Amino acid sequence: TGEPESSATGGSGGLEKSALTIGVVAVPDAAPIQIALDRGFFKEEGLDVKISVEVGGAAATPKLVAGQLDAMLGNYVALFLAQQAGAGKFKVVADSYQAAPDNFVIMAKGDNAAINTAADLAGKKIAVNTLNAIGTLAVTATAKVAGVTINEKEQYVAMPLPEMGAALETGTVDAIWVAEPFISANAKAGAKKVADSMAGPLENFPIAGWVMTDKFTSENPKTVAAFQRALAKAQTLAASDRKVVEEALPKYTKIDAATAAVIALGTYSTSLSEARLQRVADTLTEYGMIPAGFDVKALMAPAAPAQ
Amino acid sequence: MASRQSGGRHVRRATSGVLRFWIVPVTLVLWELLTRVTESPYFPPPSRIATQFYDMWLSGPASQLLLTESALDTFGPSLGRLLAGWTIAGVLGIALGVALGRIRGLAEYTDPVLQFLRALPPPLLVPIFFVLFKIGTPTQLAVIVFGVIWPVLVNTTDGVRAVDKGFLETARVFQFSRYDILRRVILPSAMPKIFAGLRLSLSLALILMVVSELVGSNSGIGYSLLYAQQSYDYTGVWAHIVLLGVLGLLFNALFLVAEGRVLSWHANARRNV
Amino acid sequence: MLELVDLSHTYGSYRAIDRVNLKVAQGEVVCIVGPSGCGKSTLLRSIAGLIKPTGGTVLLDGKPVAGSPENLAVVFQDYSRSLYPWMSALANVGLPLRRRGLDKKRRDAAAMAALEQVGLAGAAAKYPWEMSGGMQQRVSIARALAYQPKLLLMDEPFGSVDAQTREELEDLTLRVCAHHGMTILLITHDVDESVYVGDRVVVLSKAPGTVVGDLPVQLPGPRDQIHTRELEAFVRLRAEVGRLVRGMTPHRNTHGFGVETR
Amino acid sequence: MLELVDLSHTYGSYRAIDRVNLKVAQGEVVCIVGPSGCGKSTLLRSIAGLIKPTGGTVLLDGKPVAGSPENLAVVFQDYSRSLYPWMSALANVGLPLRRRGLDKKRRDAAAMAALEQVGLAGAAAKYPWEMSGGMQQRVSIARALAYQPKLLLMDEPFGSVDAQTREELEDLTLRVCAHHGMTILLITHDVDESVYVGDRVVVLSKAPGTVVGDLPVQLPGPRDQIHTRELEAFVRLRAEVGRLVRGMTPHRNTHGFGVETR
Amino acid sequence: MPKVNGASLLRGLIGTAGLLAVLEAAGRLGAWDTERLPLVSTVLLRAGELLTDPEFLVSARSSLTTWALALLVTIAIAVPAGLLLGMVKPAEMAVRPLIEFLRPIPSVALIPLVILLYSETTHMRITVAVYAALWPVLINTIYGVRDVDPLAKETLRSFGFGPGSVAYRVVLPGAAPFIATGIRLAASVAIVLVVTSELIAGGIEGVGVYITIAQSGNRLDLMIGATILVGLFGILVNALLVAGENRLFRWHRARAGAAT
Ligand SMILES: Nc1ncnc2c1ncn2[C@@H]1O[C@H](COP(=O)(O)OP(=O)(O)OP(=O)(O)O)[C@@H](O)[C@H]1O
Ligand SMILES: Nc1ncnc2c1ncn2[C@@H]1O[C@H](COP(=O)(O)OP(=O)(O)OP(=O)(O)O)[C@@H](O)[C@H]1O
Ligand SMILES: [Mg+2]
Ligand SMILES: [Mg+2]
């Protein structure tokens with residue numbers, strides 16, 4: 001959105017485009033953008049940034065391609081699959097978030113004696129928020145470590161996070177894969193943790209990064225650089241001070257301050273590394289989600305020149 | 001003489017068939033050309049969609065009418081729920097619509113609630129249905145019924161209210177029983193409008209079938225569509241779109257046959273001779 | 001059997017009939033004549049319980065009626081809107097007979113007989129929209145006669161048929177009515193007809209309609225289209241009714257309507 | 001001006017009119033009479049181009065017509081259905097005048113004048129459903145007259161009004177017609193009326209209708225409701241037309257209809 | 001269309017209040033888990049609060065604008081098309097396969113594809129809403145056109161009016177009650193689809209976006225509160241449309257038998 005503005009407003013000299021619409025999913029991963037907005041990092045770079053709330057990576061990708069979004073916070077699994085499917089040519093302009101323990105948890109009904117560990121997931125119905133994304137990958141990997149092979153088409157059921165509790169309660173599904181604040185909410189309602197899906201093979205797994213189209217990055221190098229610089233400051237702040245994140249969360253989500261103070265947060269990254277992206281590609285290949293030989297380099301945008 | 005006549009009729013029927021469906025090949029050719037020129041991965045050419053369609057669903061054995069296992073597994077439950085949902089919505093919608101149209105007090109007491117419900121997006125109701133109806137199929141049926149009942153209800157209510165005064169006065173004067181008034185005066189007279197509603201809701205039922213399978217389901221056409229969508233399999237998505245369109249065509253054709261029978265008086269009475 | 005006491009009706013602020021008083025005895029045939037728009041149909045609809053008169057009462061066998069009286073049949077002026085287009089002529093005529101508790105076969109037989117009587121045996125399977133105006137009107141008459149009501153209200157029932165058919169229908173109505181002891185209220189524009197058919201002719205004034213004449217018709221013997229109409233009493237009565245109606249026609253002095261021609 | 005050559009029409013397999021031949025000269029008033037259901041309305045609708053006759057041709061000024069002829073007005077038998085319920089009487093009458101390229105003011109004035117002529121000046125603002133049957137019929141007549149067509153087709157136009165209004169409308173029609181040189185085809189059930197109004201009376205047989213009589217009406221001087229009807233020529237013609245129509249009525253021998261009464 | 005007056009309004013309120021009371025009681029008596037589905041009173045309270053929440057109001061205004069535009073576009077397309085298809089039988093026969101093919105395609109399947117056609121989110125939303133709202137108006141218009149009394153059309157034709165005039169002066173008003181029913185259906189379908197497209201495709205503003213955000217915090221009360229306001233808007237729109245119909249179609253009501 002927004003008509004391209006040729007002249008820059010800030011002092012950074014000739015941005016190709018200064019008004020940006022950034023798509024984010026309302027989860028903790030996106031905190032840096034709110035921080036950057038609040039602290040005026042974008043303004044300093046002459047950028048006028050608007051947040052567009054997205055439901056998920058698969059839905060936001062076409063918007064990026066069509067130009068309704070200039071950048072988005074994309075989860076890597078969805079992004080790699082989209083790139084692989086030829087749904088567009090994308091660039092990761094910055095890394096954002098990686099998993100920490102207990103970020104994403106597999107839960108079951110508290111009084112369900114049949115499911116206690118990941119090994120009990122054989123043949124069970126498991127709710128995830130999106131098919132073919134980080135959720136299915138995490139659950140499949142966790143189960144595999146426990147010696148169980150998940151039949152993706154039979155066992156995974158897609159549903160929005162808030163509805164999973166009721167589905168668990170009524171027996172529509174046997175297990176759910178949830179993040180905060182739903183972990184706390186379900187625990188309160190009597191669900192028990194079965195496994196941390198971000199342990200073992202997925203420990204510290206890269207979750208999300210800031211994505212633009214190849215076309216946009218090549219046509220607007222200065223804008224991209226300005227965006228990267230502003231974001232980098234925010235990422236650093238988020239990585240170093242949990243309080244900053246806790247303050248930002250209630251502003252773009254409905255996670256209240258009290259919840260924000262206690263939930264398990266992942267790690268905010270401060271730099272983009274090809275090795276980390278390669279790890280995502282390797283894992284996806286291992287689970288048959290993309291063929292071997294996926295070109296990670298094609299996804300890498302040049303890092304921002306220091307100002 | 002007789003045979004020549006019937007031969008002529010065959011020819012005429014064949015030409016009218018051609019005239020009727022000319023738009024199909026024309027659209028297909030245009031579509032193919034357009035997609036081949038633009039070459040967008042999101043808009044594959046229809047020939048490719050057809051191939052995938054065939055591979056997924058139509059390459060089965062002749063004993064299964066060429067349907068593949070996956071087609072049988074996917075279509076069966078979905079279409080079952082669709083027809084069940086549509087039937088329930090049709091019966092409920094007509095019954096409620098007649099009651100609302102004829103019983104003034106009832107309409108006044110319930111109108112706001114109904115108008116309220118009508119404006120609620122079904123996707124937002126799914127969580128509520130989840131809590132109220134528990135598990136799978138009942139929830140899905142509830143979603144379908146809730147989504148498709150409105151055209152029938154609104155059209156029936158309006159149709160029943162609009163019965164010509166002359167017709168009703170005749171019924172009153174001759175003291176028809178309530179049943180006869182309903183069965184032989186009100187319903188036939190409102191039938192054109194009721195059928196408009198039923199026809200609208202039939203294709204809506206296909207849509208709601210898909211919507212109901214997007215959440216909390218791991219089978220059916222809706223799930224299969226979601227899976228294709230979330231795997232960035234755009235040709236697959238299009239195959240589903242085509243499938244829904246073809247099913248819609250099919251249902252509509254059957255529906256029009258039924259309507260032709262019930263409403264033949266109407267078509268003839270309204271024809272300019 | 002039927003009594004109207006000070007019957008009035010006002011549409012919005014327009015007064016259509018004004019304190020009409022009328023008594024009709026069991027078995028009587030009363031014809032109502034009056035200028036166009038004087039409230040005849042309004043009167044009939046009030047009796048049939050189709051509109052709630054804004055003043056006065058309708059008594060039937062001494063009891064005030066609310067809603068449509070039992071055992072009533074009506075032939076509407078707008079016959080085309082009172083036949084159901086989704087039913088054949090036979091079904092239209094047979095429908096009210098369901099109230100009589102007849103099974104389908106007997107209903108069809110009775111309906112067929114009635115259609116035959118109005119000369120439509122060949123059109124029983126036709127739908128209303130396949131019939132000419134006069135045929136539709138006759139179906140409507142057949143429906144009323146087949147029902148054998150105690151009270152029959154007819155609003156210009158013979159307006160759309162040729163003279164001969166009209167005479168035959170008049171006779172048919174009188175015959176059926178006498179046979180079953182029906183009471184008839186018949187609205188007509190034809191002064192001749194009113195005198196020929198009626199035991200009494202009631203003349204309404206221009207709108208708002210009130211009763212300005214109530215003439216008993218005393219003609220000797222069974223009526224007959226040719227001889228009755230030649231009777232001196234008939235001619236005299238006809239002239240009298242004609243004078244009364246003419247005196248009441250509104251147009252003459254108000255709009256200069258038709259002035260040139262006379 | 002108007003010529004029908006072997007005009008036939010068949011509904012499905014039902015033959016309604018059968019090779020009707022008729023010539024009507026410019027300015028002539030031709031009345032058509034015939035038994036109910038004999039195909040009079042069908043004939044009229046064929047001429048108006050509303051149904052495509054299955055056989056024969058309609059020639060207007062020597063040219064075959066397809067569709068509705070120019071400069072035509074029709075008063076339909078089912079007048080209540082031909083008025084638009086969403087328009088007042090004035091608007092209904094004024095609507096066709098748009099074809100005449102008049103602006104709103106002139107249209108309203110012309111419509112109002114026509115309504116006045118039929119005695120409905122006071123009802124101009126009423127909607128059709130607020131009017132009595134006779135009033136609706138008069139609106140329909142006013143609409144046709146206001147349009148001042150060259151050819152006017154009328155299907156039992158005076159059936160729903162009282163005798164006096166009927167006479168006035170007859171005279172009005174003749175007057176307006178003579179003034180504008182209209183040609184009129186008028187269907188009626190009233191033999192008296194056909195002789196009084198027509199320059200010629202055409203008698204149709206029972207269905208399928210064919211022409212069985214075509215009688216020129218030669219009456220002296222301007223017509224007048226009282227004197228004309230007393231003329232010996234009038235009485236003789238009336239009797240002749242009556243005989244022709246009666247001879248053609250189908251019911252007598254086929255269904256035993258009305259046998260008892262005579 | 002019952003006439004709207006004080007008494008009928010009151011009855012509507014009584015009916016609504018009664019239902020709400022029953023639901024509240026059911027919730028309190030434990031008919032469902034109030035953790036998962038809040039009490040009616042809680043939700044109503046939230047809905048009330050939302051009306052003063054500037055964040056929600058901005059979203060509501062955006063959705064409203066989108067809805068109004070979508071409804072206008074729908075009417076502008078569907079009514080003329082319906083008139084044409086209803087009056088010209090060969091045209092209807094020719095495009096029927098296309099229409100029947102397109103009608104059952106769900107917007108959820110189309111949204112990702114429609115997104116690609118627009119660089120403006122609002123345009124995408126309008127397209128999605130129009131796509132779904134079109135059909136009720138179109139189908140009802142076609143049926144309405146067929147229901148017009150042929151004699152009414154013949155009358156005008158006999159006066160020498162062409163097909164255009166007949167369409168405009170007789171068919172349109174004659175079919176108007178049917179069309180109005182279609183528009184009333186379309187109005188709520190458009191509400192549903194504007195919100196759905198916001199829910200599915202996200203965006204900067206919109207009630208659906210607000211609900212997505214509420215979802216992120218597991219705030220069922222806010223989600224349902226916003227949903228309730230959507231429904232209330234539906235009541236309002238319907239009431240306005242019915243009032244409009246009552247004014248416009250007095251003739252239609254007069255000819256129709258009143259409800260008993
Ligand atoms: N639409 C139709 N379909 C089939 N048959 C029809 C149709 N319209 C008329 N008919 C038949 O054609 C015949 C002639 O009808 P038409 O309306 O022309 O008669 P008419 O002379 O005008 O009679 P009336 O004086 O009663 O109005 C009738 O027997 C009627 O049943
Ligand atoms: N629904 C209505 N609303 C308003 N006015 C009406 C309504 N129905 C009838 N009227 C008026 O009441 C008066 C009497 O109408 P009514 O139909 O009773 O006349 P009528 O005597 O039957 O006339 P006709 O012989 O022409 O049928 C007329 O002036 C008419 O305009
Ligand atoms: Mg009357
Ligand atoms: Mg006729």
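Note that the structure is a prediction, hence the values are computed from the model and not measured. Each chain gets a letter, A, B and so on, in the order its sequence line appears, and its residues count up from 1.
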Distance only, no hydrogens: is a donor on one side chain within 3.5 Å (strictly under) of an acceptor on the other, for B:Asn155 and E:Thr181?
no

Within residues 194-206 of chain B, contacts to chain E at heavy-atom distances under 4.5 Å involve B:Phe195, B:Ala196, B:Arg199, B:Leu200, B:Ser203, B:Leu206

Taking side-chain hydrogen bond (donor to acceptor under 3.5 Å, both in side chains) as the test, write out the residues that go with E:Ser188, two or more places apart.
B:Arg118

Contact origin within E:Val195 toward chain B - heavy atom pairs under 4.5 Å
side chain

Six-ring centre of E:Phe178, B:Lys193 cation under 6.0 angstrom, axis tolerance 45°
yes

side-chain hydrogen bond (donor to acceptor under 3.5 Å, both in side chains) against E:Thr42, all qualifying residues, sequence neighbours excluded
none

Please determine whether a side-chain nitrogen of the Lys or Arg among E:Arg11 and B:Asp111 lies less than 4.0 Å from a carboxylate oxygen of the Asp or Glu.
no

Please flag which part of B:Thr110 lies under 4.5 Å from any non-hydrogen atom of chain E: side chain, backbone, both or neither.
neither

Could you please spell out the steps behind the side chain to side chain contact (heavy atoms under 4.5 Å, CB included) verdict for B:Phe43 and E:Leu116?
CA-CA 10 Å; B:Phe43 298 98; E:Leu116 292 160; 4.1 Å; yes

Could you look at B:Phe167 and say if it's the side chain, the backbone, both or neither that has a heavy atom under 4.5 Å from chain E?
neither

Which donor-acceptor pairs under 3.5 Å do the side chains of residues 237-248 of chain B make with protein atoms, sequence neighbours left out?
residue  : atom : partner  : partner atom : Å
B:Trp238 : NE1  : B:Tyr42  : O            : 2.7
B:His240 : ND1  : B:Gly236 : O            : 2.8
B:His240 : NE2  : B:Ser224 : OG           : 2.5
B:His240 : NE2  : B:Leu225 : N            : 3.4

Heavy-atom pairs under 4.5 Å with chain B are the metric here; pick the option from E:Ile191, E:Asp147, E:Ile211 that has the most.
E:Asp147

Contact between B:Glu108 and E:Leu10 at the side-chain level, heavy atoms closer than 4.5 Å - yes or no?
no

Rounding to 0.5 Å, atoms CG (E:Leu229) and CZ (B:Phe116) come to a distance of 8.5 Å

